[in-house]
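Reading through the structure tokens given below for one structure.
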Amino acid sequence: MRRSEQKRNNPDLGALSARLLFAVQRQLAGSHAQTKPRHGAVMAYLDEQGNRATELAELSGQHKQVIGTLVDELEALGLVTREPDPADRRAKLVVPTAKGLTQMKAGDEAMAGVERRLAEAIGQDEYQAFKRTLQRLAELSVPGDSRSD
């Protein structure tokens, strides 16, 4: 049996998660006209009052350097600014601009629509069970976690 046929008939976790991710990204694309899917590593976790880049890296599972590059790009788009952290003036917070807040709200509404459609397609109970299982698998798969090695 050809490898492509095997993946089609019995896809592995990587193939399934990639297909789901790409499908969700396509559905969210309209709410994020200026950004690219990679910007979700910042925008999906950004609080209205701002976050430190290290926190965004931890929440998204990305390296701090990657987050720094993404913040540079989002800043150039006018979606975020870097401001001194009132708790530690040496540190910076990544803070959404008014334009960024509008985009975050649109993204949240679009994601709620995606989740609603999926839950309707398979049933609310099954969808909630899927999300709980997916969250548990994500927690078990954290790099450096001895349980995932």
Side-chain angles (χ1 to χ4, degrees), residues 3-4 6-8 10-88 90-122 124 126-145 148-149:
R3 186 170 187 267
S4 60
Q6 181 182 349
K7 293 283 186 179
R8 185 176 315 132
N10 186 20
D12 60 32
L13 179 61
L16 287 171
S17 59
R19 284 173 35 194
L20 179 59
L21 173 65
F22 297 149
V24 169
Q25 287 175 339
R26 281 191 303 274
Q27 293 176 57
L28 294 176
S31 67
H32 294 85
Q34 286 188 298
T35 59
K36 302 210 176 338
R38 68 178 179 267
H39 294 126
V42 172
M43 298 302 285
Y45 298 98
L46 194 57
D47 292 325
E48 289 183 15
Q49 67 274 18
N51 305 75
R52 289 185 182 183
T54 52
E55 181 183 16
L56 294 169
E58 180 183 317
L59 290 167
S60 67
Q62 295 289 325
H63 290 282
K64 188 177 176 207
Q65 292 82 358
V66 171
I67 294 298
T69 298
L70 296 174
V71 169
D72 290 343
E73 293 171 2
L74 292 167
E75 199 168 27
L77 292 170
L79 299 174
V80 301
T81 61
R82 287 180 171 101
E83 299 177 8
D85 184 342
D88 180 354
R90 298 169 294 172
K92 296 281 186 185
L93 289 177
V94 178
V95 181
T97 62
K99 185 177 174 182
L101 287 170
T102 298
Q103 185 154 332
M104 288 164 56
K105 183 178 183 210
D108 289 347
E109 289 170 358
M111 190 69 239
V114 169
E115 290 202 63
R116 190 172 38 257
R117 286 189 296 279
L118 292 173
E120 288 170 0
I122 66 172
Q124 189 65 37
E126 190 171 343
Y127 183 70
Q128 290 305 318
F130 164 74
K131 277 187 66 175
R132 282 191 303 273
T133 301
L134 188 60
Q135 182 171 358
R136 180 72 177 131
L137 290 172
E139 290 166 357
L140 290 170
S141 301
V142 173
D145 185 342
S148 66
D149 294 336

Nearest 0.5 angstrom please: [X] [atom1] to [Y] [atom2], how far?
X    : Y    : atom1 : atom2 : value
L13  : L137 : CG    : CG    : 7.0 Å
Q6   : N10  : CD    : CG    : 7.0 Å
H39  : L74  : NE2   : CG    : 4.5 Å
E109 : R116 : CD    : CZ    : 9.5 Å
T35  : M43  : OG1   : CE    : 7.0 Å
T69  : Q62  : OG1   : CD    : 10.5 Å

Who pairs with [X] by side-chain hydrogen bond (donor to acceptor under 3.5 Å, both in side chains), at least two apart in sequence or on another chain?
X    : result
R19  : none
T81  : E83
E55  : N51
Y127 : E115

Just to verify, what does [X] make a side chain to side chain contact (heavy atoms under 4.5 Å, CB included) with, not counting sequence neighbours?
X    : value
E58  : none
L134 : F130
Q124 : A119, Q128
L21  : Q25

Listed by chain and number, what are the salt bridge (charged side-chain N to carboxylate O under 4.0 Å, His left out) partners of [X], not counting sequence neighbours?
X   : answer
K64 : none
K92 : none
R90 : D88
R82 : D72, E75

Problem - Pairwise side-chain contact, P96 with T102, heavy-atom cut-off 4.5 Å (strictly under) - result: no
Practice task
With the side chain counted from C-beta on, respond yes when V114 and R117 share a heavy-atom pair under 4.5 Å apart, and no when they do not.
Solution key: yes
Please give me the minimum heavy-atom distance between [X] and [Y], naming the atom from each residue.
X   : Y    : answer
I67 : S60  : CD1-OG, 3.7 Å
G78 : T97  : O-OG1, 2.6 Å
L46 : M104 : O-CE, 3.1 Å
L93 : P86  : CD1-CD, 3.9 Å

Exercise for the section: Please confirm whether the backbone N or O of A87 pairs with a side-chain atom of D85, one donor and one acceptor, at under 3.5 Å? Expected result: yes
Problem - V24 vs M111, side-chain contact (heavy atoms from CB on, under 4.5 Å): CA-CA, chis, key distance, verdict - result: CA-CA 8 Å; V24 169; M111 190 69 239; 4.0 Å; yes
Exercise for the section: Go through V94 and R52 one step at a time and tell me if the side-chain contact (heavy atoms from CB on, under 4.5 Å) criterion holds. Expected result: CA-CA 6 Å; V94 178; R52 289 185 182 183; over 6 Å; no
Handout entry: Intermediate values then yes/no, salt bridge (Lys or Arg N to Asp or Glu O under 4.0 Å), E73 and R38
Key = CA-CA 11 Å; E73 293 171 2; R38 68 178 179 267; 3.2 Å; yes
Practice task
Count the heavy atoms belonging to other residues, nucleotides or ligands that lie under 6.0 Å from CD of E48, then report whether that count exceeds 12.
Solution key: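 Open: at most 12 neighbouring heavy atoms sit under 6.0 Å from CD of E48.
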